[in-house]
Amino acid sequence: MSSHSTKGEEVRVRFAPSPTGYLHVGGARTALFDWLFARHHGGRFILRIEDTDVERSSPEMVEGILEGMRWLGLDWDEGPFFQSERTERYRAAAQELLKSGHAYYCYCTPESLKERRDLAMKEKKNYKYEGTCRHLSSTEIETKEAAGVPRALRFKVPESGSIEFPDHVFGKIEVAHEQIEDFVLLNSRNHPTYHLSVVVDDMEMRITHVVRGADHVSNTPKQILLYRAFDAEPPEFAHLPLILGPDKAKLSKRHGATSVTAYRDLGYLPEAFRNFLALLGWSPGDNTEIMATDELIERFSLEKINQSNAVFDVQKLDWLNRQYIGASTAERLAPLVQKALESKHVWREEYAGAQKEYFLSTLDLLKSRMHSINDFAESGQAFFTDVYEIDEAAAKKNLKEPDLKELMPLLASRLKALDVFTLETCEQALRALAEEKQVKAGLLINAARVLLTGRAVGPPLFHIMIQLGKERTATRLERISALTFHH
RNA sequence: GUCCUCGUCGUCUAGCCCGGCCUAGGACACCGCCCUUUCACGGCGGUAACACGGGUUCAAAUCCCGUCGAGGACGCCA
């Protein structure tokens, strides 16, 4: 167990995405760290959907987020809770703050506020709400109320002093009160806004640790102020460094795939992706990189999270993916590969007709050189159908020797004559033929591979032969005479 | 503009808190070699970094100050 206090209570962490977009890489990393932290401490992982902005939230996005989390294996213990269903609680909490003198009504119109903000922006000045309505006299308020002027509720931020809080990642952070404006709690349609709902929920759900992106550090002082106003103890905070694109700007659509499910569709293994995400902003401290879930959980700690932003490096992801694919059993890979084939509508019939054992052994043969789950659609094709294309470059490279037109059929007949068709006997037959005809074995081997699979790259030839079987191997070798090449 | 934060190879990072063991370690990528029947895998080796400038100290990547650079936040969005 790590040293930071859990106050003798159960650790409770939440992941609180807003369903205004998909679960993107940054969100997924946050969710992962939340989950790892909860699991490490044997605590509870709570999922809360922050959909107070009804216009921008949608059920599809919620489903997308859940889908992404399931894909990554991030299971939650409580929820999902929806903030949109808890509006009354937030309103009640807001009234409490009004009564206790921590909040006041603001009658400024959004339009005038925007004007003031734009003006300040134009003059390159810092803008902060002036607090106009904070100092309204009771008669002024009466007049506004009588006229039915729309009102928002604002939090009364202390005018002097500063707020300071410890962060598990960044250490101590201090902000002067005068930097913080009187933020809105309830908008003029009487809807709660972010800070209010977050704090009310975190209190009510007894969240002990808030682990979230560093884009929230500047929100933290406001939220702590709210805890104090509610006379509640704030949770502990840990802010995660951001994930950047190759251009070192915040990750966005222009960097390609955004949602994590897009990575699934690209053929990444969830365990590889999760391992990769874990290494973005965190390291176990020694040189270990490949870690299974249990190890990740066991070794995870907030103090090992580093403070600088990290660039998302696809090449490293690819490497991890290859490592994981190579180390996975065919049984593990099979359903994923199958799903990929189905979604791509590739040679469905051939695959459907194949025996399970044959499918698995083919997968075993090919997995060590698969870069992604999707690769199998191409590299596996020739093992399931006789109608596969012969790659032109491969033919040009390995089939251009004229003698092959005789050598290949000859090889075919030698193989056919074999009583036992094994790795050893195939190799013997081929090498004997090469010696007899005074050609390099490599010539025959490379040519045969192209004929058998349509590709210049792939598994060792004799493995391919065994996999295909004697008949198919022979037939395909004989096919050379039917081929025409452009030299 | 204001505030907050960060700054070790191209990238992810170890080391920094508790100065000497750092002629700065690992991984990805890149380049060579080996293995080999192709492509991978694997093995071996190589290029490559403490942003800069001042202090403090016998000694600084590590402590202090400044500069520069980068990122984030500044909504009746979350």
Inset, instruction - Begin from the C-alpha positions of A/S197 and A/E50 and carry the test side chain to side chain donor-acceptor pair (under 3.5 Å) through to its verdict. - result: CA-CA 8 Å; A/S197 51; A/E50 311 222 317; 5.7 Å; no
For [X], answer base if it contacts any base atom (sugar-phosphate contacts may also be present), sugar-phosphate if it contacts only those atoms, and nothing otherwise; contact means non-hydrogen atoms under 4.0 Å.
X      : value
A/T52  : sugar-phosphate
A/Q315 : sugar-phosphate
A/F462 : base
A/T20  : nothing
A/E181 : sugar-phosphate
A/A456 : base
A/E427 : nothing
A/P459 : base
A/L461 : base

Inset, instruction - Would you kindly say whether A/D118 and A/Y127 are connected by a side-chain donor-acceptor distance under 3.5 Å? - result: no
Legend entry - Any donor-acceptor N or O pair under 3.5 Å, side chains A/Q467, A/T362: yes
Inset, instruction - Measure from the ring center of A/F276 to the ring center of A/F312 and say whether it is less than 6.0 Å. - result: yes
Inset, instruction - Pull out every residue in residues 106-119 of chain A that has a heavy atom closer than 4.0 Å to any atom of RNA chain B, ordered by number, or say none. - result: A/C108, A/T109, A/P110, A/L113, A/R117
Legend entry - Whichever of A/G285 and A/F170 has its nearest RNA chain B nucleotide further upstream toward 5': A/F170
Inset, instruction - Would you mind telling me which residue lines up with the more 5' stretch of RNA chain B, A/S308 or A/R449, judged by nearest nucleotide? - result: A/S308
Between [N] and [M], how far is it from one [atom1] atom to the other, in whole Å?
N     : M     : atom1 : value
B/U67 : B/G7  : C1'   : 13 Å
B/A70 : B/C9  : P     : 16 Å
B/U8  : B/A14 : C1'   : 10 Å
B/C16 : B/U23 : P     : 15 Å
B/C12 : B/A29 : P     : 15 Å
B/C30 : B/U47 : C1'   : 9 Å
B/C22 : B/G69 : P     : 35 Å
B/A60 : B/C17 : C1'   : 15 Å

Inset, instruction - Determine the sole option in A/K128, A/R134, A/K222 for which the side-chain hydrogen bond (donor to acceptor under 3.5 Å, both in side chains) test with A/D182 is passed. - result: A/R134
Inset, instruction - Determine which nucleotide pairs with B/U56, using a 3.5 Å limit on both distances of a Watson-Crick or G-U wobble pair. - result: none
Inset, instruction - With a 3.5 angstrom cut-off on both distances, give the Watson-Crick or G-U wobble partner of B/C39, or none if there isn't one. - result: none
Legend entry - Nucleotide range of RNA chain B lying under 4.0 Å from chain A heavy atoms: B/G1 to B/A78
Inset, instruction - Compute both the distance and the angle, then confirm whether A/R228 meets the cation-pi test with A/F165: under 6.0 Å from the six-membered ring centre, within 45 degrees of the axis. - result: no
Inset, instruction - Is it possible for you to check whether A/R29 lies under 6.0 Å from the centre of the six-membered ring of A/F33, through NZ or CZ, and within 45° of that ring's axis? - result: yes
Legend entry - Derivation and outcome, side chain to side chain donor-acceptor pair (under 3.5 Å), residues A/Y194 and A/D53: CA-CA 9 Å; A/Y194 174 68; A/D53 186 354; over 6 Å; no
Inset, instruction - Using a strict cut-off of less than 4.0 Å between a Lys/Arg side-chain nitrogen and an Asp/Glu carboxylate oxygen, indicate whether A/E145 and A/R151 qualify as a salt bridge. - result: yes
Legend entry - Side-chain touch A/V211/A/H168, heavy atoms, less than 4.5 angstrom: no
